[in-house]
There are 2 protein chains.
Amino acid sequence: MKTRLATFVKDKRKQAAMNQEDLSFAAGVGLRFVRDLEQGKPTLRMDKVNQVLNLFGYELGPVAQNRDEESQSSVSE
Amino acid sequence: MKTRLATFVKDKRKQAAMNQEDLSFAAGVGLRFVRDLEQGKPTLRMDKVNQVLNLFGYELGPVAQNRDEESQSSVSE
DNA sequence: CTCATTTATACCCTATAAGGTATAAATAAA
DNA sequence: TTTATTTATACCTTATAGGGTATAAATGAG
């Protein structure tokens, strides 16, 4: 499943013109981890996810279940 | 360290008049996990954290590092 | 103060996330 | 089409999170 988080990371990565390998290196996590993250694996460790999000000035936090945290566009309806 | 997430959960739990044991049972996670969560342990698994947040209508998501995601009331601004 | 409740720490075991390697499947450019 | 690049899956090992139990330290009521 493509979660909000997965989409967010993939999107930010594309914006930064990086491939998954670049990102994994920059974040200091394994390439496999970046892949799991972008595939929406739900059991990831928060600290590892944060290592990635920090690159983009973000971090994991509680968000209301329906709100669309200022990603940018999407939700067409 | 008391992270934003730790504070959020503890606060929501208090609001719901539950102790940690109640919360662990309601969320289907171990009591130890609730404790680690409220103590700000950084290496928690996202799925377990989400089991707790879901009780309050929240979930983990990317938030900008300095913003103070509405703790309880509303988004003022 | 004592006693009850709640929360925090420590020890231990089991299940599994992280990550490496290899491979396969897309995606894109020629 | 072929070939290169990127992304996805599978297998395996190692490190560790989750969680149970026990204990200790707070917190609070009397």
Side-chain angles (χ1 to χ4, degrees), chain A residues 1-63 65 68-69 71-76, chain B residues 1-63 65 68-69 71-72:
Chain A
M1 184 217 179
K2 279 305 201 303
T3 64
R4 153 158 54 182
L5 178 64
T7 305
F8 180 88
V9 170
K10 189 164 197 165
D11 192 55
K12 283 288 185 184
R13 175 173 64 79
K14 295 286 192 185
Q15 284 175 31
M18 304 169 97
N19 58 27
Q20 293 175 337
E21 196 174 9
D22 296 331
L23 181 57
S24 76
F25 180 77
V29 301
L31 176 55
R32 277 284 318 283
F33 182 86
V34 170
R35 291 182 170 153
D36 287 342
L37 174 54
E38 293 194 1
Q39 289 299 110
K41 184 178 179 183
T43 57
L44 301 173
R45 268 171 47 179
M46 282 185 33
D47 62 326
K48 295 290 176 181
V49 176
N50 279 325
Q51 284 179 238
V52 174
L53 292 183
N54 289 347
L55 290 179
F56 305 122
Y58 281 75
E59 66 186 332
L60 280 181
V63 300
Q65 269 172 339
D68 196 338
E69 175 64 16
S71 305
Q72 51 252 22
S73 48
S74 30
V75 205
S76 34
Chain B
M1 184 213 176
K2 279 307 200 301
T3 64
R4 154 159 50 184
L5 178 63
T7 305
F8 180 87
V9 170
K10 189 165 197 167
D11 193 55
K12 282 290 185 184
R13 176 174 63 79
K14 295 287 191 182
Q15 285 176 31
M18 305 170 97
N19 59 27
Q20 294 174 335
E21 195 173 10
D22 296 331
L23 180 58
S24 76
F25 181 77
V29 301
L31 176 55
R32 277 284 316 283
F33 181 86
V34 171
R35 291 182 171 155
D36 289 341
L37 173 54
E38 293 194 0
Q39 289 298 111
K41 184 177 180 182
T43 57
L44 302 172
R45 269 172 44 181
M46 282 184 32
D47 62 327
K48 295 289 177 180
V49 175
N50 279 325
Q51 284 180 239
V52 174
L53 292 183
N54 289 347
L55 290 178
F56 305 121
Y58 282 75
E59 65 185 331
L60 280 180
V63 299
Q65 270 172 338
D68 198 337
E69 176 63 18
S71 300
Q72 60 248 26

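Order of the sequence lines sets the chain letters (A, B, ...), proteins ahead of strands, with each chain counted from 1.
- Each of Asp36(B) and Leu31(A) was matched to the nucleotide of DNA chain D holding its nearest heavy atom; the match closer to the 5' end belongs to Leu31(A).
- Computed from coordinates, the Glu21(B) CD to dT27(D) P distance equals 19 Å when rounded to whole Å.
- Taking 3.5 Å as the limit, the base of dG20(D) and the side chain of Arg32(B) contain a donor-acceptor pair of atoms between them.
- Glu38(B) approaches Arg13(B) most closely through the heavy-atom pair OE2-NE, 2.6 Å.
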Exercise for the section: Please step through ring pair (Phe, Tyr, Trp, His ring centres under 6.0 Å) for the pair Tyr58(A) and Phe8(A), ending with a clear verdict. Expected result: CA-CA 10 Å; Tyr58(A) 281 75; Phe8(A) 180 88; 4.7 Å; yes
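- Look at NZ on Lys10(B): it is 11 Å from C1' on dT27(D), rounded to the nearest Å.
- Side-chain atoms of Gln15(B) and Asp11(B) form a donor-acceptor pair, as typed in the model, at a separation below 3.5 Å.
- From the 5' end on, the contacts that DNA chain C makes with chain A at under 4.0 Å to a non-hydrogen atom open and close at dA17(C) to dT21(C).
- Of the residues listed (Met18(A), Gln20(A), Lys48(A)), the one engaging Val34(A) in a side-chain contact (heavy atoms from CB on, under 4.5 Å) is Gln20(A), and it is the only one.
- The distance from atom CG of Asn50(B) to atom P of dA17(D) is 18 Å, rounded to the nearest whole Å.
- Note: CG (Leu44(B)) to P (dT16(D)) measures 15 Å, nearest angstrom.
- With rounding to whole Å, Asp47(A) atom CG is found 16 Å from dA15(D) atom P.
- Nearest approach of Thr43(A) to Asp47(B), heavy atoms of both residues: CG2-OD2, 3.4 Å.
- Between the P atom of dG18(D) and the CE atom of Met46(A) lies a distance of 10 Å, rounded to the nearest Å.
- Of the two residues near DNA chain D, Lys48(B) and Gln20(A), the one whose nearest nucleotide lies more 5' is Gln20(A).
- In this structure, the separation between OG1 on Thr7(A) and NZ on Lys10(A) is 8.5 Å, given to the nearest 0.5 Å.
- Remark: side-chain polar atoms of Gln65(B) are not paired, donor with acceptor, to backbone N or O of Glu59(A) under 3.5 angstrom.
- Within the structure, every side-chain polar atom (N or O) of Arg45(A) is placed at least 4.0 Å from both OP1 and OP2 of dT16(D).
- Here dA26(D) presents its C1' atom at 15 Å from CG of Asn19(B), a figure rounded to the nearest Å.
- Following rounding to the nearest Å, Leu23(B) (CG) and dG18(D) (P) show an atom-to-atom distance of 14 Å.
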